[in-house]
Amino acid sequence: MAGWMFTARSLQQPAGILPPRCLPGYKPGNAFPSPAYAEAKDDSMAIERTFSIIKPDATARNLTGAINAMIEQAGLRIVAQKRVRITREQAQTFYAVHRERPFFGELVDFMISGPVVVQVLEGENAIAKYRDIMGATDPAKAAPGTIRKTHSKSIGENSVHGSDAAATAAVEIAQFFSGNEIVG
Ligand code: CMP
């Protein structure tokens, strides 16, 4: 029995890489660290998780796959994903920091206007990396090759959202995913 277990683990775990329970940061029941952690070359590499939304303007134009390809080509791993219709209350809670802004009502109406794809992305410096891949909030100001420059219509319908900091990422991920839905 012990020999079979060893063989099965060997199939999942490349030679020379410790099983997850031996890695710093591992907690029983938590899917972290994932294979991305095993790919980190040394302790100075920060493996993070960030929260992403593929917004209604993008799902309406069948761009989920194209956006996911840009995410994956940049080296981020999609460790959780689901397509949902969010409620007005969820949108208001999610964007509560913008409640006093003149565009708040328009933003909430837009986010509930069609399906969205909510995601957890994992990888080295995932929060900053995803913001780089997305490009500036206003697609007119986004760098060439970014998701927003390539696909977005306007500052309001800007195709994707990504967390702006580690604390925000933790709150945003927890709003949409339970721990066992995140599989690294
Ligand atoms: P997001 O990264 O999801 O965070 C807040 C969102 O508010 C932002 O993307 C935009 O979609 C939206 N937003 C920011 N500024 C404006 C604006 N001036 N007009 C309309 N929507 C905006």
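In each ligand, atom 1 is the first atom listed, and ligand 1 is the first ligand listed.
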### Query
For atom 11 (O) of ligand 1, what's the nearest protein heavy atom and its distance?
I155 O, 3.0 Å

### Task
Would you mind listing which atoms of ligand 1 come within a distance below 4.0 Å of any non-hydrogen atom of Y95?
1 (P), 3 (O), 4 (O), 5 (C)

### Message
Quick check on contacts: which atoms of ligand 1 are under 4.0 angstrom from a heavy atom of H98?
### Response
5 (C)

### Query
Are any of the N or O atoms of T137 closer than 3.5 Å to those of ligand 1?
no

### Query
Between R61 (side chain) and H151 (backbone), is there a donor-acceptor pair under 3.5 Å?
yes

### Message
Checking the side chain of Q119 only, and the main-chain atoms of T50 only, is there a donor and an acceptor separated by less than 3.5 Å?
### Response
no

### Ring centers of F51, F94 separated by less than 6.0 Å
yes

#### Entry: Pairwise distance OG(S152) to CG(D57) - rounded to 0.5 angstrom
6.0 Å

#### Entry: Residues E48, K129: salt bridge by 4.0 Å N-O rule
no

### Query
Out of R148, E157, M134, who gets a non-hydrogen atom closest to atom 2 (O) of ligand 1?
R148

### Winner among F103, F94, F110 once heavy atoms are compared against atom 21 (N) of ligand 1
F103

